[in-house]
Peer 1: 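Before we start, here is the structure in question, set down as structure tokens.
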Amino acid sequence: MRRGFLPSLLIGLLLAPLLGCVTAPSTEQSATAEKQKESSADQSTAQAQAPQPTEAPRYSGPIQFTDVTAQAGIKFKHNSGAFGKKYLPETVGAGCAFLDYDNDGWQDILLVNSMNWPEHKGQKSFPALYHNNRNGTFTDVTKEAGLAVEMYGLGCAVADFDNDGNVDIYITCLGANHLFRNLGGGKFQDVSAKAGVDDPGFSTSALWFDYDKDGKLDLFVCNYVDWSVEKDLYCTLDGKNKSYCTPESYKGHSATLYHNKGDGTFENVTQRAGLYDPTCKSLGVAMIDFDNDGWMDLFVANDTQPNRLYRNNGDGTFTDAAMAAGVAFSEAGVARAGMGVDAADYDGSGRASLIIGNFSNEMMALYHNEGTGLFIDEAPTSTIGQNTLLTLTFSCFFFDYDLDGLPDIFAADGHVSDDINTVQPKVKYAEPPHLFRNLGKKKFEEVTSKLGAAIQKAMVARGAAYGDFDNDGDLDILVTSNNGPARLLRNDGGNQNNVLRVRTIGAGSNRDGIGAKVTVKSSSGRTVWNIVKTGSSYCSQSELPLTFGLGKAERVASIEVIWPSGRRDTISDINANQSITIQEGKGVVSTQPIVFAAP
């Protein structure tokens with residue numbers, strides 16, 4: 001990752017001609033293509049006349065993750081409300097997100113916050129929205145944006161639910177959840193009650209997806225347990241002092257599916273969809289089309305209850321296939337404490353597999369999709385299982401930190417009991433994260449100790465997300481800690497390989513293109529794919545644009561986009577090291593070169 005920035009004006013002067021063609025173009029699309037050619041010719045003329053900046057050599061040293069939180073101006077500290085009562089929600093922490101709320105092409109930051117308990121008054125705490133200043137720094141715009149609302153926030157999901165071109169924010173809470181509609185101009189409006197998605201409970205992770213392919217984003221919300229101050233129980237680890245109870249002490253709570261009616265309101269269709277299950281204690285959720293039938297399925301990670309794999313039947317209903325697929329329990333037949341989860345094709349099989357964060361002494365799960373409807377947990381016999389046995393993983397996700405075309409794994413760790421060390425000396429409250437480098441052929445290597453001191457720092461981590469906040473091509477990491485600060489870890493040197501970043505705009509599909517499958521074939525012959533998604537990780541959301549590591553390949557031979565609507569667009573012959581926007585039915589509608597600079 002570059003450590004300096006070229007002025008945005010100079011970056012603008014580098015805009016490249018639009019490249020690509022869409023298969024089977026209509027008359028309207030042909031006319032659009034002609035306009036694009038004219039626009040490209042105008043851009044080429046302007047570039048020829050304008051002075052061109054000289055690009056510095058790329059950084060060639062070892063990849064390091066650098067803590068730039070302070071210099072970026074991020075001063076956030078999470079407030080769990082803890083004051084000695086050991087209330088269960090205090091252990092859950094809160095999430096974060098990378099999002100481009102003002103459509104300027106730069107990823108902004110959202111940090112979810114909780115609040116003080118009613119019987120313990122103190123300074124108010126709010127979520128935080130940080131605007132990206134495009135120079136490595138951020139400005140807190142929470143109040144101006146209308147997000148300075150006190151709530152016991154836990155998770156977030158970001159997407160354009162009303163297809164107006166602006167991403168909206170959903171924050172899950174203990175108590176009523178909040179939907180903030182993006183009005184444009186940096187302003188948000190709380191429309192929770194009007195939209196009908198403010199159902200009170202104990203909500204955690206959430207995601208937006210179009211489960212019925214009607215072009216409108218629906219909302220899935222995980223709920224944890226039936227807890228309140230009045231129902232709080234006494235638990236202890238040492239027989240003397242109160243400790244946090246496990247979720248086994250409380251009744252479960254069904255997740256909720258809200259169907260988007262297209263008029264700004266939603267309908268609770270949980271029972272109609274076959275998803276009502278009050279035994280669930282859900283903490284994480286990921287989109288996954290595990291059977292490659294074109295209908296988006298859901299994987300839900302449950303805490304001390306069997307996980308769920310909800311197969312989308314294509315008729316508005318879902319069927320739980322977790323037991324038959326082998327992902328409900330551990331190999332020993334035990335329900336684990338599942339938290340964060342993500343899905344990706346990590347071995348080039350063409351099928352999405354799963355990574356799940358579990359409790360200490362359980363190890364993470366790495367479920368490989370065998371393509372027969374069955375998953376096999378490869379973690380116990382791999383580096384991943386051996387290195388995560390003692391740590392408690394909340395957030396986890398696949399991302400290609402070194403841009404070699406192989407999805408790597410990041411895991412953010414931290415225990416729930418601040419007194420755990422008194423009864424389990426080998427288990428710590430604050431724990432360092434894990435970063436596993438994908439070596440290919442289903443092999444991973446633990447490389448955390450090789451990536452600098454910042455990423456090795458122990459944290460009581462909860463939420464985590466990835467995004468390219470400085471637009472230099474490689475992926476940075478945002479992590480929250482329970483009752484502590486958030487940390488922004490900049491990827492320095494991850495862009496020594498080539499890259500292509502893809503943003504999608506739906507037409508017949510939802511405007512964000514969520515659920516679109518994008519497949520990239522490089523000039524070297526490597527094929528990689530991913531889906532545009534919300535959710536995953538834990539109570540958090542990574543950026544919507546997709547990043548494809550190309551290794552040393554300098555061009556992309558082809559890009560195929562299969563949209564939620566069923567339309568298939570193909571683009572040919574694209575240069576590496578640029579960010580492109582693909583619009584459904586129109587192909588590439590904008591390009592932006594990725595500019596690298598020496599440290």
Peer 1: For C222, is there any backbone N or O sitting under 3.5 Å from a side-chain donor or acceptor partner on S282?
Peer 2: no
Peer 1: Aromatic ring centroids of Y466 and F397 under 6.0 Å?
Peer 2: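 Here the rings of F397 and Y466 have centres that are less than 6.0 Å from each other.
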Peer 1: Check D289 with K533, please: is the shortest side-chain N to carboxylate O separation under 4.0 Å?
Peer 2: no
Peer 1: Could you state the interatomic distance from CD (E560) to OG1 (T527), rounded to the nearest 0.5 Å?
Peer 2: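 Result: 10.0 Å between the selected atoms.
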Peer 1: For the atom pair CD (Q107) and OG (S542), what is the distance rounded to the nearest 0.5 Å?
Peer 2: 9.5 Å
Peer 1: Hey, would you say the F161 and F266 ring centroids sit under 6.0 Å apart?
Peer 2: yes
Peer 1: Can you tell me if N313 and T319 form a side-chain donor-acceptor pair at under 3.5 Å?
Peer 2: yes
Peer 1: Would you say that more than 12 heavy atoms from the other residues, nucleotides or ligands in this model lie under 6.0 Å from the CD of Q456, or not?
Peer 2: yes
Peer 1: Does the side chain of I514 come within less than 4.5 Å of M287's, by heavy atoms?
Peer 2: yes
Peer 1: Could you point out which residue of L544, D168, I505 forms a side-chain contact (heavy atoms from CB on, under 4.5 Å) with D160?
Peer 2: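 Between D160 and the candidates, side-chain contact (heavy atoms from CB on, under 4.5 Å) is satisfied uniquely by D168.
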Peer 1: Evaluate the side-chain proximity of N530 to F398: yes if any heavy-atom separation is below 4.5 Å, no if none is.
Peer 2: no
Peer 1: Quick check, are the ring centers of F444 and Y346 under 6.0 angstrom apart?
Peer 2: yes
Peer 1: Under a 3.5 Å distance rule, please check whether D342 uses its side chain to pair with a backbone N or O of C396 as donor and acceptor.
Peer 2: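 The answer is no, because no donor-acceptor pair under 3.5 Å joins these two groups.
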Peer 1: Ignoring hydrogens and geometry beyond distance, is a side-chain donor-acceptor pair present between N510 and K216 at under 3.5 Å?
Peer 2: no
Peer 1: Any donor-acceptor pair under 3.5 Å linking the side chain of R336 with the backbone of N358?
Peer 2: no
Peer 1: For S537 and S395, test the side chains for any donor-to-acceptor distance below 3.5 angstrom and give the result as yes or no.
Peer 2: yes
Peer 1: Can you list the residues that meet the side chain to side chain contact (heavy atoms under 4.5 Å, CB included) rule with P380, with sequence neighbours excluded?
Peer 2: E331, M363, D377
Peer 1: Under 3.5 Å, is there a donor on one side chain and an acceptor on the other for E431 and H415?
Peer 2: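 Judged by distance alone, the side chains do not pair up.
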Peer 1: Do E378 and K442 meet the salt-bridge criterion of a basic N to acidic O distance under 4.0 Å?
Peer 2: yes
Peer 1: Check the side chains of S509 and E584 for a donor-acceptor pair under 3.5 angstrom, ignoring hydrogens and angles.
Peer 2: yes
Peer 1: Quick one: do K281 and D303 make a salt bridge, cutoff under 4.0 Å?
Peer 2: no
Peer 1: Out of K428, H434, M364, which residue meets the side-chain contact (heavy atoms from CB on, under 4.5 Å) rule with D413?
Peer 2: H434
Peer 1: Counting only N and O atoms by type, is there a donor-acceptor contact under 3.5 Å from the side chain of D400 to the main-chain atoms of G405?
Peer 2: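 Such a contact is found between D400 side chain and G405 backbone.
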Peer 1: Can you measure from OG (S254) to CG (D277) and round to the nearest 0.5 angstrom?
Peer 2: 6.0 Å
